[in-house]
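Since the structure comes first, as structure tokens, the remarks are kept for the end.
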Amino acid sequence: MQRHDKRLDGGQAWTDAMALLKGQREILLTVAGFFLLLPMLILLMLRWPVLDAESSAGAVAGWNRWTEHNSLWLLLVAVCGSFGRLAILILILDRSRPSVREALGGAAQLFLWFYLAGMLAGLAQYGGLLLFVIPGLYLVGRLFVVEPALVAERLTNPLRVLARSFEITRGNGWRIFAVTAIVVVGGTIFLLAVSTVVGVFAALMNVNGLELFLSAFICAAVFSGIYLVLLLLSVAAYWQLADQGHVRSGAFG
């Protein structure tokens, strides 16, 4: 197996990810809005989690109850999100420049393998988190390019996709994790700040249902934005580490 000892340039990966977003902003935001934001928004509007804010233990217990009671709905949201991510990757990585309709058709054909690979990666990361947390964090970095590798190389063996991600990200596990952590922490801080402002605004307006809608929309929009940015970063990392050149030249050249 060929060794990959390249070091990820995080700044270049961010530049390439933003170039992807800028180059196809309308299409990417439309697909992400329909498959990522909308299902999450509907779930939160219908099943807004009510947690005990007086103690962290009570909040965790409340969250566990909420996820248990809404497991089916969470699965549906996850399936919709996976399909949307797959369609976005096809739009970006397929050199035939497919239309949205063609990308959705291609996503339907690849979805089973895509979902299985993502599920295996998630199980590996979760298992690593149970082993003193650190192994799971490391696996976040090593399995970061599973999805773009599957789409770009049309790999239909989920185990082969995981192995390919390990091959590409060799020597970059913690570096990639640091990049993803910055995005997630930054997005979470932004969510908390905006939620506070929205809560005050909704209380002043005193319109029935307004606070729930605004809170659900902000949460769905921010988390969808985090998922989209991480997806674009995974494409950028894949192109950079798999000796494919920068994303901009590969996707738009």
Partner residues of Gln109 under the side chain to side chain contact (heavy atoms under 4.5 Å, CB included) criterion, sequence neighbours left out: none
Tyr138 with Val184, same ILVMFWY side-chain cluster at under 4.5 Å: no
Donor-acceptor under 3.5 Å (Ser215 side chain, Leu212 main chain): no
Minimum side-chain heavy-atom gap Ile27-Thr30 below 4.5 Å: no
Spacing of CZ belonging to Phe223 relative to CG belonging to Leu37, to within rounding of 0.5 Å: 12.0 Å
For Val151, the option from Ile90, Ile88, Val235 that meets side-chain contact (heavy atoms from CB on, under 4.5 Å): Ile90
Euclidean distance, Leu143 CG relative to Arg164 CZ, rounded to 0.5 Å: 14.0 Å
Partners meeting ring pair (Phe, Tyr, Trp, His ring centres under 6.0 Å) with Phe166 (sequence neighbours left out): none
Candidates Leu76, Leu75, Val77 - the one meeting side-chain contact (heavy atoms from CB on, under 4.5 Å) with Val79: Leu75
Phe35 and Met40, any side-chain heavy atoms less than 4.5 Å apart: no
Closest contact, heavy atoms only, Met45 versus Phe213: SD-CA, 3.5 Å
ILVMFWY cluster, Ile176 and Leu129 together (side-chain gap under 4.5 Å): no
Cluster overlap Leu191 with Trp48, hydrophobic side-chain contacts below 4.5 Å: yes
For Thr196 against Leu192, the heavy-atom pair lying closest together: OG1-O, 2.9 Å
Sidechain-backbone polar pair: Ser234 side chain, Leu231 backbone, donor-acceptor under 3.5 Å: yes
Side chain to side chain contact (heavy atoms under 4.5 Å, CB included) between Arg160 and Leu150, intermediate numbers included: CA-CA 9 Å; Arg160 174 69 187 109; Leu150 183 149; over 6 Å; no
Ile226 side chain reached by Leu230 side chain, heavy atoms, under 4.5 Å: yes
Other residues, nucleotides, ligands: >12 heavy atoms within 6.0 Å of Trp174 CH2: yes
For Leu120 against Pro158, the heavy-atom pair lying closest together: CD1-CB, 3.6 Å
Residues Glu153 and Tyr238: side-chain donor-acceptor under 3.5 angstrom: yes
Expected output: side-chain Glu147 to main-chain Phe114 donor-acceptor under 3.5 Å: no
Heavy-atom pair of closest approach, residues Gly81 and Leu36: O-CD1, 3.8 Å
Transitive ILVMFWY side-chain link Leu38 to Leu46, under 4.5 Å: yes
Trp66 side chain vs Arg47 backbone, donor-acceptor pair below 3.5 Å: yes
Gln24 CD to Leu232 CG distance, which is reported to the nearest 0.5 Å: 9.5 Å
Cluster check Val197, Leu214: I/L/V/M/F/W/Y, side chain < 4.5 angstrom: no
Test side chain to side chain contact (heavy atoms under 4.5 Å, CB included) applied to Phe144 and Ile168, step by step: CA-CA 10 Å; Phe144 188 58; Ile168 293 171; over 6 Å; no
Heavy atoms from other residues, nucleotides or ligands near OH of Tyr115 exceed 12 (cutoff 6.0 Å): yes
Residue pair Leu74, Thr67: steps toward the side chain to side chain contact (heavy atoms under 4.5 Å, CB included) verdict: CA-CA 8 Å; Leu74 290 169; Thr67 54; 4.0 Å; yes
Any donor-acceptor N or O pair under 3.5 Å, side chains Gln12, Asp16: yes
Closest non-hydrogen atom pair, Leu91 against Pro98: CD2-O, 3.6 Å
Backbone N/O of Arg175 and side chain of Asn172: donor-acceptor pair under 3.5 Å: no
Leu29 and Leu228, any side-chain heavy atoms less than 4.5 Å apart: yes
salt_bridge(Arg65, Glu68) N-O dist < 4.0 Å: no
Verdict with supporting geometry, Asn157 and Val161, side chain to side chain contact (heavy atoms under 4.5 Å, CB included): CA-CA 6 Å; Asn157 183 330; Val161 180; 5.9 Å; no
Distance (rounded to the nearest 0.5 Å) between Trp239 CH2 and Leu20 CG: 9.5 Å
Atom pair CD1 (Ile182) and CG (Leu233), whose distance is rounded to the nearest 0.5 Å: 10.0 Å
Over 12 foreign heavy atoms within 6.0 Å of CD1, Ile134: no
Test item: Phe177 and Leu139 side chains (from C-beta on) under 4.5 Å apart, heavy atoms: no
Exam field: side chain Ser165 to backbone Arg142, donor-acceptor pair closer than 3.5 Å: yes
Side chain proximity check, Tyr126 to Leu123, heavy atoms < 4.5 angstrom: no
Spacing of CZ belonging to Phe190 relative to CD1 belonging to Ile218, to within rounding of 0.5 Å: 7.0 Å
Closest non-hydrogen atom pair, Ala13 against Ala236: O-CB, 3.4 Å
